[in-house]
Number of protein chains: 2
Amino acid sequence: MKLITRDTDYAVRILCYLSGKKERTVVVEMVRELKIPAAFLRRIAQRLSKAGILTSAKGFNGGFILSAKPRDIRLLDVAEIFQGSFSLNDCLFKRRICPDRKTCFLRRQILDIEKYVLEKFTSLTVGDILAGGSIDGQKKNNQDRRE
Amino acid sequence: MKLITRDTDYAVRILCYLSGKKERTVVVEMVRELKIPAAFLRRIAQRLSKAGILTSAKGFNGGFILSAKPRDIRLLDVAEIFQGSFSLNDCLFKRRICPDRKTCFLRRQILDIEKYVLEKFTSLTVGDILAGGSIDGQKKNNQDRRE
DNA sequence: ACAAATGATACTAATATGATATCATTACAT
DNA sequence: ATGTAATGATATCATATTAGTATCATTTGT
Ligand code: FES
Ligand code: FES
């Protein structure tokens, strides 16, 4: 089971890479550095752009650039582009099988987990990922708190 | 995204239903009550049986019965039968893309979530689900604690 | 021997994920 | 204005996972 799908994964990489850039960056360059299949990377960049996370420019000096600072790009927003909204309890009502969803204990537990994931993914930003990767430590507090 | 797949979901229902039975119960009866497609329900019961969670008997007075008390059947064990082991961070190493997994902050976060889910699913038993569904309240404490 | 049950297993269908390919559009440079 | 370098939009294909079906073999009580 995957919490993060490949597209999201690639998207995060792309965003991390672009965090180090001040100017627009072209797909071929990203491909060179990130080793992601070109056509796929392009489509991902396009979706990020459409979602407003990247800003793009066509034509000669075109390319992609972050629309916001790394620490203002939340993992949740990125993940939702590719994986839809995070709702973990598709479990039952969809097909109306659970006898009584109001009192369903299992459902409450899953909602709890969902809440936890949501909090993590909301507080986690591209900036955090970058900082955690190189600097390490100290960054732990802002997500060690639930509710 | 689903944390619990349909098979697991059905399995839990089956287990809950069988919790109310002292004698072996036959597939057709479960189908009648649970409205799960017969062939599918049967296959699920068989897998539960193979995993030792149900005990089965062939032939005339055959059927399925719980192998243990409801409160000793953990959701984790059930889920793992149908969904494999719970590891949420398939994210990267599989294809060796993440530059440095030792310091990867994102990975640490996902491991955190994984741990949380594992704890919930380990402490949650069929007994809890039953109790939560009918009695309500009071049962909350044993899973409101992480780590 | 027969009927009632599960055991084992192979198959099909639908959906989600991962990846590719192609044509349209824009923008700069000459 | 024309060519080229870029992204935009979209259609298609491939693979994996999930959901569900079908069938034959085996066991057991009467
Ligand atoms: S409502 Fe989801 S398991 Fe009961
Ligand atoms: S190791 Fe999984 S995101 Fe870096």
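In this text, all values refer to a predicted model and were calculated from it rather than measured experimentally. Sequence lines set the chain letters: A, B, ... in the order given, protein chains first and strands last, and positions in each chain run from 1.
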*Asks:* Would you mind classifying the nucleic acid contact of B:V28 as base, sugar-phosphate or nothing, using non-hydrogen atoms under 4.0 angstrom?
*Replies:*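 No contact at all - B:V28 keeps every heavy atom at 4.0 Å or more from the nucleic acid.
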*Asks:* Quick one, which residues of residues 44-60 of chain B touch DNA chain D with a heavy atom under 4.0 Å?
*Replies:*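 Nucleic-acid contacts, sorted: B:K58, B:G59, B:F60.
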*Asks:* Kindly say if B:Y10 contacts the phosphate of D:dA19, meaning a side-chain N or O under 4.0 Å from OP1 or OP2.
*Replies:*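 Checking B:Y10 against D:dA19: no side-chain N or O falls below 4.0 Å of OP1 or OP2.
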*Asks:* Which one, D:dG20, C:dT20, D:dT7, comes nearest to the side chain of A:F40?
*Replies:*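 When the side chain of A:F40 is considered, C:dT20 is the closest of D:dG20, C:dT20, D:dT7.
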*Asks:* On DNA chain C, does the nearest nucleotide to A:N61 precede the nearest nucleotide to A:R43 from the 5' side, or the other way round? Give the residue.
*Replies:*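 Between the two, 5'-proximity favours A:R43.
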*Asks:* Out of curiosity, B:R47 CZ to B:I53 CD1, how far, rounded to the nearest 0.5 Å?
*Replies:*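 Between B:R47 CZ and B:I53 CD1, I get 11.5 Å after rounding to 0.5 Å.
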*Asks:* Please check this pair: side chain of B:S123 against backbone of B:E119, looking for a donor-acceptor N/O pair closer than 3.5 Å.
*Replies:*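 Yes, because the side chain of B:S123 sits within donor-acceptor range (under 3.5 Å) of the backbone of B:E119.
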*Asks:* Does B:R42 make a side-chain donor-acceptor contact with the base of C:dG7, cut-off 3.5 Å?
*Replies:*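 Yes, the side chain and the base share a sub-3.5 Å donor-acceptor pair.
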*Asks:* Sequence neighbours left out, cut at 3.5 Å: what donor-acceptor pairs do the side chains of residues 55-66 of chain A make with other protein atoms?
*Replies:*
unit_1, atom_1, unit_2, atom_2, d
A:T55, OG1, A:S67, OG, 2.8
A:S56, OG, A:S49, OG, 3.4

*Asks:* With a 3.5 Å distance limit and no angle check, can you tell me whether A:T125 reaches the backbone of A:D128 through a side-chain donor-acceptor pair?
*Replies:*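 Present.
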*Asks:* Tell me: CE of A:M30 to P of D:dA6, nearest whole Å?
*Replies:*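 Spelled out: CE on A:M30 to P on D:dA6 is 11 Å.
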*Asks:* B:S19 side chain to B:L15 main-chain N or O, any donor-acceptor pair under 3.5 Å?
*Replies:*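 Confirmed, B:S19 side chain pairs with B:L15 backbone.
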*Asks:* Might you work through the side-chain contact (heavy atoms from CB on, under 4.5 Å) test for A:V126 and A:V12, ending with a clear yes or no?
*Replies:* CA-CA 7 Å; A:V126 170; A:V12 170; 5.6 Å; no
*Asks:* What is the distance, rounded to the nearest whole Å, between atom CZ of A:F64 and atom C1' of D:dA5?
*Replies:*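 About 13 Å, once rounded to whole Å.
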*Asks:* Just list the side-chain donor-acceptor pairs under 3.5 Å for residues 72-81 of chain A, sequence neighbours left out, or say none.
*Replies:*
unit_1, atom_1, unit_2, atom_2, d
A:R74, NE, A:D77, OD2, 3.1
A:R74, NH2, A:D77, OD2, 3.2

*Asks:* Using a cut-off of strictly less than 4.0 Å, decide whether B:K2 has a side-chain nitrogen or oxygen near OP1 or OP2 of D:dA19.
*Replies:*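 Yes.
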*Asks:* A:R6 has an atom CZ; how far is it from atom P of C:dA19, in whole Å?
*Replies:*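 Checked: the CZ to P distance equals 6 Å.
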*Asks:* Can you check the A:R24 CZ to D:dA6 C1' distance for me, whole Å?
*Replies:*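 After rounding, the gap between these two atoms is 10 Å.
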*Asks:* In this structure, how many angstroms lie between the C1' atom of D:dT18 and the CD1 atom of B:I81, rounded?
*Replies:*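 In whole Å, D:dT18 C1' and B:I81 CD1 are 17 Å from each other.
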*Asks:* Starting at CD1 of B:I65 and ending at P of C:dA5, how long is that distance when rounded to a whole Å?
*Replies:*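 Rounding to the nearest Å, CD1 of B:I65 and P of C:dA5 are 16 Å apart.
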